[in-house]
Amino acid sequence: MRGVFDSVASSYDLMNDAMSLGVHRLWKDSFVSLLRPGMGGPMRCIDVAGGTGDIALRILDHARETHGDRETRVDVVDINGEMLKEGYARFKKTMYHNSARVFLLFFFADALRIVLAAPQVAFIEANAQELPLETFPDNTYDLYTIAFGIRNVTSIPDVLREARRVLKPGGTFACLEFNKVTNPLLAQYASSPLSPDTPSESVFLIDSDTGFMTSIPSL
């Protein structure tokens, strides 16, 4: 699986364009708008399986443009180094990459990795199923997002356990993923070989102490 993502890192969004006829970009816009980052002040966010940085960029743009927030931060986490390099290269072209710097070293898969960061965003190579405790302490984040990534993990329960661990009490877990069409009128189109699945959005409030999860209505 890692080799597959290495080979498609530079064209990953184009693949999603083909799978969704380009609509995935609108889904991501709506996904982030629903979360309203920055509305209650600066947030500490983690975007998992987010190597290309498109969700992180939307989070920072929404916080800045809608709420005047220039302090919200996003840690972009991906198990694939090539995807992270692609995301970092993209952020170098944005307003958020001013005085980018190397700020953290850690061990991953028996190799020393360098975490690349700009003031509001960091790109970190790590496994969502076992986030290193020294890099991702308990009760750190206000918002945890994973978009079109949970289908690629080998253990969803492990990912959810780690999400609960790193979220602050009352923090938000948000997952965007493809799903099957249930509307009978749309099902005929969805069954076409050329049509994509349609996504459903699941957003939950998680209390990291009790594990209680409250569903927020999807779009």
Side-chain angles (χ1 to χ4, degrees), residues 1-25 27-29 31-32 45-61 73-136 140-141 143-156 158-159 162-163 166 174-178 196-197 199:
M1 180 66 74
R2 187 186 297 247
V4 171
F5 282 97
D6 279 346
S7 64
V8 302
S10 62
S11 58
Y12 186 69
D13 283 343
L14 294 178
M15 291 178 58
N16 281 333
D17 281 336
M19 291 177 61
S20 68
L21 303 181
V23 182
H24 77 101
R25 300 175 188 272
W27 292 333
K28 291 173 181 176
D29 289 342
F31 177 61
V32 171
C45 310
I46 180 171
D47 180 41
V48 175
T52 58
D54 51 349
I55 294 295
L57 181 59
R58 284 170 169 83
I59 288 173
L60 295 178
D61 280 348
R73 296 169 53 195
V74 185
D75 289 339
V76 180
V77 177
D78 203 293
I79 198 172
N80 187 276
E82 292 303 313
M83 297 288 282
L84 291 169
K85 289 178 183 177
E86 180 67 22
Y88 185 67
R90 292 182 184 185
F91 260 81
K92 288 172 69 176
K93 302 175 184 178
T94 73
M95 64 179 297
Y96 303 107
H97 187 89
N98 50 6
S99 70
R101 65 201 187 281
V102 175
F103 84 122
L104 183 64
L105 300 175
F106 71 98
F107 285 94
F108 177 77
D110 298 322
L112 187 63
R113 300 291 187 183
I114 296 177
V115 178
L116 302 173
Q120 286 186 267
V121 63
F123 291 83
I124 307 172
E125 185 173 345
N127 186 343
Q129 297 172 195
E130 193 174 0
L131 297 172
L133 183 61
E134 63 275 16
T135 309
F136 303 95
T140 297
Y141 297 100
L143 173 64
Y144 179 117
T145 57
I146 181 167
F148 305 126
I150 207 164
R151 67 184 186 270
N152 296 321
V153 305
T154 58
S155 175
I156 292 176
D158 286 346
V159 172
E162 284 294 87
V166 301
C175 177
L176 174 64
E177 192 53 83
F178 288 105
D197 290 340

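Here the structure is a predicted model, which is why all the values come from computation and not from measurement.
- Heavy atoms only, all atoms of each residue included: L143 and I59 are closest at CD2-CD1, 4.3 Å.
- Within the 4.5 Å cutoff, the side chain of Y144 has no heavy atoms near those of the V77 side chain.
- The distance from the CE atom of M83 to the CD atom of E125 is 12.0 Å, given to the nearest 0.5 Å.
- Counting all heavy atoms, side chain and backbone alike, G51 lies closest to D78 at N-OD2, 3.0 Å.
- For the atom pair L131 CG and E162 CD, the distance stands at 4.5 Å (nearest 0.5 Å).
- One finds the CZ atom of F136 at 5.0 Å from the CD1 atom of I46 (value rounded to the nearest 0.5 Å).
- Ring pair Y96/F91 is tilted by interplanar angle, where 30° to 60° counts as tilted.
- Atom CD of Q129 is separated from atom OG1 of T154 by 3.5 Å, given to the nearest 0.5 angstrom.
- Atoms CG and CD1, from D29 and I55 in turn, are 8.5 Å apart once rounded to the nearest 0.5 Å.
- Scanning for ring-ring contact (aromatic ring centres under 6.0 Å, His included) contacts around Y141 gives an empty result, with sequence neighbours left out.
- Rounded to the nearest 0.5 angstrom, D54 CG and D47 CG are separated by 7.5 Å.
- Between L57 and T94 there is a side-chain heavy-atom pair separated by less than 4.5 Å.
- Partners of E130 according to the side chain to side chain contact (heavy atoms under 4.5 Å, CB included) rule, which considers only residues two or more places apart in sequence or in another chain, do not exist here.
- Between P132 and A126 the shortest heavy-atom distance is CD-CB, 4.0 Å.
- Minimum interatomic distance between I150 and V153 (heavy atoms only, all atoms of both residues): O-CG2, 3.2 Å.
- G53 and F123 make their closest contact through CA-CE2, 4.3 Å (heavy atoms, listed as atom of the first residue, atom of the second, distance).
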